2 protein chains.
Amino acid sequence: MHRAAVERTNDVFAAQLAPVGRETVQDRVYSELRRALIGGLFEPSQVLTIRGLADALVTSTMPVREALGRLITEKALEALPNRSVRVPPITLERIDDLLRARILIEGEAISLAATRMGPRGIAIVEALLREWDEVRALKHKKDIDREVTLNQSFHFEIYRACGSAVLIPMIESLWLQSGPCIRVAIYAFSEAGEVDTAHYHRSIVAALAAQDAQAAREALVADISRPFAFLRDKLQSKARME
Amino acid sequence: MHRAAVERTNDVFAAQLAPVGRETVQDRVYSELRRALIGGLFEPSQVLTIRGLADALVTSTMPVREALGRLITEKALEALPNRSVRVPPITLERIDDLLRARILIEGEAISLAATRMGPRGIAIVEALLREWDEVRALKHKKDIDREVTLNQSFHFEIYRACGSAVLIPMIESLWLQSGPCIRVAIYAFSEAGEVDTAHYHRSIVAALAAQDAQAAREALVADISRPFAFLRDKLQSKARME
DNA sequence: TCAAAGCAAGTGTGATCACATATCAAAATC
DNA sequence: GATTTTGATATGTGATCACACTTGCTTTGA
């Protein structure tokens with residue numbers, strides 16, 4: 001076929017056809033497992049099997065085993081000496097360890113973002129906040145998954161502005177690791193009567209709009225510390241009862 | 001066989017037989033590739049193929065592809081849109097990004113370690129320093145690999161004392177990412193006449209022995225910043241020449 | 001009655017095959 | 001002679017098979 005003809009063809013369809021994407025099955029499995037982990041769909045200490053997940057995801061074992069291997073290297077899952085793999089169990093030490101790391105790294109990221117996030121970025125996170133308010137307005141239906149997703153978008157929209165290709169994957173890894181814990185904390189919130197989560201987020205946005213890095217960091221620390229503190233108390237009281 | 005007979009057998013051999021270990025082929029491949037990456041055996045931008053590595057490591061493709069996948073998720077390698085994988089190229093932004101992250105996280109780790117590392121830990125790192133001096137004494141043979149290994153042991157022996165199961169894997173990931181860059185810097189050192197690396201390490205040990213977290217952090221920052229600064233200058237002057 | 005042996009189902013690991021795509025050089029076409 | 005086409009080779013991906021190990025239950029034997 002002549003070159004001109006090929007380009008003609010491209011021109012005709014370019015506007016109408018969406019790119020079909022080149023995502024592999026493995027990528028989809030990996031993304032799906034990540035989503036499930038961050039969303040807290042798996043419980044701490046839950047054992048996962050390759051064939052079980054392959055059946056659930058309607059694929060063969062191959063993409064699943066590679067995805068599991070990747071999640072194990074980022075400590076989102078844990079390889080037992082039996083060669084079986086499970087969601088890491090919650091311990092007090094792990095909670096404190098995760099919180100400290102998150103404060104350190106996400107605090108740094110938001111400090112950087114405070115000076116680099118333009119009005120356009122601010123507008124986006126403000127829109128996310130409004131969307132969240134709408135979800136919370138119709139309270140009758142506890143759409144926790146939706147809230148988790150919005151919270152994630154809110155935070156990562158900010159972190160993205162820090163412009164670090166090194167820090168952001170680390171934060172993702174930390175969210176992956178704290179996902180199963182956070183889920184427990186969220187359920188605890190639901191039982192205990194929810195505190196105003198939105199308040200912290202509004203403080204964060206205000207600090208970012210003022211380009212006040214220190215205030216943004218402090219508001220963020222308060223925001224991410226709260227569920228961890230909640231979870232910590234819960235675990236301790238449970239430990240006392242036994 | 002009766003239980004008593006089994007235990008008799010165990011008693012007889014327990015002292016003589018070493019545990020045989022349960023490492024999989026995939027684990028060995030992964031470790032070997034990590035070693036090569038941290039040691040800078042691969043060059044930035046070098047493309048790696050599954051079958052090529054499998055031949056070089058004398059295994060099949062299966063363990064290699066899973067190891068590559070794991071290294072890609074921790075950003076030690078990079079997946080190109082062609083689906084081929086390469087060692088990430090060096091850019092000025094990436095160097096600054098990596099250095100900032102390393103200062104942040106390794107600085108925190110050594111601060112924690114300063115108060116938690118007992119005299120026993122101090123003795124170990126001092127022994128590593130003496131071993132290093134010996135290697136440097138016979139200077140005629142530039143045993144760079146040995147020095148890289150000793151440097152790694154020195155740093156991670158300290159980080160191990162911080163007691164964080166979250167921070168340490170992150171530091172390993174950062175070393176994996178900066179390995180290929182550092183190798184370039186080390187060669188630059190060799191050409192430019194080496195500055196006294198040992199000085200910084202002695203400062204670190206002194207600060208740790210005095211449990212002075214702030215001084216330890218500052219000495220560490222100086223230590224890890226130096227090769228990055230060197231590499232940075234080298235890249236900039238090369239960029240000017242083109 | 002109870003512990004030990006044996007068996008069967010389940011699971012992870014590694015090897016191999018089939019297939020789609022990428023790459024690159026030779027050949028063909030203008 | 002430059003550009004396109006074509007074909008051979010190389011490479012990543014997914015499926016399937018074979019094997020070893022684990023696990024839990026049943027059967028056996030004292």
Side-chain angles (χ1 to χ4, degrees), chain A residues 1-11 17 19-33 42 45-73 76-88, chain B residues 1-11 17 19-33 42 45-73 76-88:
Chain A
M1 198 185 288
H2 297 189
R3 181 135 194 277
V6 173
E7 295 205 334
R8 172 88 43 86
T9 312
N10 287 342
D11 288 342
L17 293 180
V20 69
R22 300 180 27 84
E23 215 182 18
T24 63
V25 178
Q26 180 189 154
D27 291 335
R28 283 197 295 275
V29 171
Y30 178 67
S31 303
E32 186 61 19
L33 291 179
F42 296 130
S45 301
Q46 182 178 350
V47 173
L48 305 178
T49 66
I50 293 178
R51 286 176 173 91
L53 289 173
D55 288 346
L57 296 166
V58 196
T59 45
S60 75
T61 63
M62 185 62 57
V64 174
R65 58 199 271 192
E66 306 205 335
L68 285 186
R70 293 167 70 174
L71 290 168
I72 288 170
T73 65
L77 295 175
E78 191 180 38
L80 300 177
N82 326 341
R83 299 208 189 293
S84 64
V85 19
R86 71 171 174 187
V87 181
Chain B
M1 197 185 286
H2 296 190
R3 180 133 195 277
V6 173
E7 295 204 334
R8 174 85 46 86
T9 312
N10 287 342
D11 288 344
L17 294 181
V20 71
R22 298 178 33 82
E23 213 182 21
T24 64
V25 179
Q26 181 190 155
D27 290 335
R28 281 197 295 274
V29 171
Y30 178 67
S31 302
E32 186 60 20
L33 291 180
F42 296 131
S45 300
Q46 180 178 349
V47 173
L48 304 177
T49 66
I50 293 178
R51 287 175 172 91
L53 289 173
D55 289 347
L57 295 167
V58 196
T59 42
S60 75
T61 63
M62 186 62 57
V64 174
R65 58 199 273 193
E66 307 206 334
L68 285 186
R70 292 166 70 174
L71 290 168
I72 289 170
T73 63
L77 296 175
E78 192 181 35
L80 300 177
N82 327 343
R83 298 207 191 291
S84 65
V85 17
R86 70 170 175 187
V87 182

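Note that the structure is a prediction, hence the values are computed from the model and not measured. All values below come from the heavy atoms of this structure, side chains included, with hydrogens, waters and symmetry mates left out. Protein chains get the first letters and strands the later ones, always in sequence-line order, with residue 1 at the start of each.
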Undergrad: Which whole-number value in Å describes the distance from A:Ile50 CD1 to C:dT11 P?
TA: 10 Å
Undergrad: What's the separation between atom CD1 in A:Ile72 and atom OG1 in B:Thr73, rounded to the nearest 0.5 Å?
TA: 11.0 Å
Undergrad: Specify the separation, in whole Å, of atom CZ of A:Arg28 and atom C1' of D:dT13.
TA: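 Atom CZ in A:Arg28 sits about 12 Å away from atom C1' in D:dT13.
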Undergrad: Calculate the interatomic distance between B:Ile72 atom CD1 and D:dT13 atom P; express it in whole Å.
TA: 8 Å
Undergrad: Can you check whether B:Gln26 reaches A:Arg65 side chain to side chain, under 4.5 Å on heavy atoms?
TA: no
Undergrad: Regarding A:Glu66, tell me which of base, sugar-phosphate or nothing describes its non-hydrogen contacts under 4.0 Å with the strands shown.
TA: nothing
Undergrad: With a 4.5 Å cut-off on side-chain heavy atoms, are A:Arg86 and A:Leu80 touching?
TA: yes
Undergrad: What's the CZ-C1' distance between B:Arg86 and D:dT11, to the nearest Å?
TA: 17 Å
Undergrad: Quick one: A:Leu71 CG to C:dG12 C1', roughly how many Å, whole number?
TA: 17 Å
Undergrad: From CD of B:Glu23 over to P of D:dC21, roughly how many Å is that when rounded to an integer?
TA: 16 Å
Undergrad: Could you measure the distance from the CG atom of B:Leu48 to the CG atom of B:Leu33? Nearest 0.5 Å is fine.
TA: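 Going from CG on B:Leu48 over to CG on B:Leu33, the span is 7.5 Å.
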Undergrad: Heavy atoms under 4.0 Å, any strand shown: does A:Leu48 hit a base, just sugar-phosphate, or nothing?
TA: sugar-phosphate
Undergrad: Whole-Å distance between C:dT23 C1' and B:Arg83 CZ?
TA: 15 Å
Undergrad: To the nearest 0.5 angstrom, please state how far the CG atom of A:Leu68 sits from the OG1 atom of A:Thr49.
TA: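 With rounding to 0.5 Å, CG (A:Leu68) is 9.0 Å from OG1 (A:Thr49).
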Undergrad: Using the salt bridge (charged side-chain N to carboxylate O under 4.0 Å, His left out) rule, take A:Asp27 and A:Arg70 through it: C-alpha gap first, then chi angles, then the decisive distance, then the call.
TA: CA-CA 11 Å; A:Asp27 291 335; A:Arg70 293 167 70 174; 3.8 Å; yes
Undergrad: What N/O pairs connect the protein and nucleotides 16-21 of chain C at under 3.5 Å? Give each pair on its own line.
TA:
none

Undergrad: Report yes if at least one side-chain N or O of A:Asn82 is closer than 4.0 Å to OP1 or OP2 of C:dT11; otherwise report no.
TA: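 No, no such contact exists.
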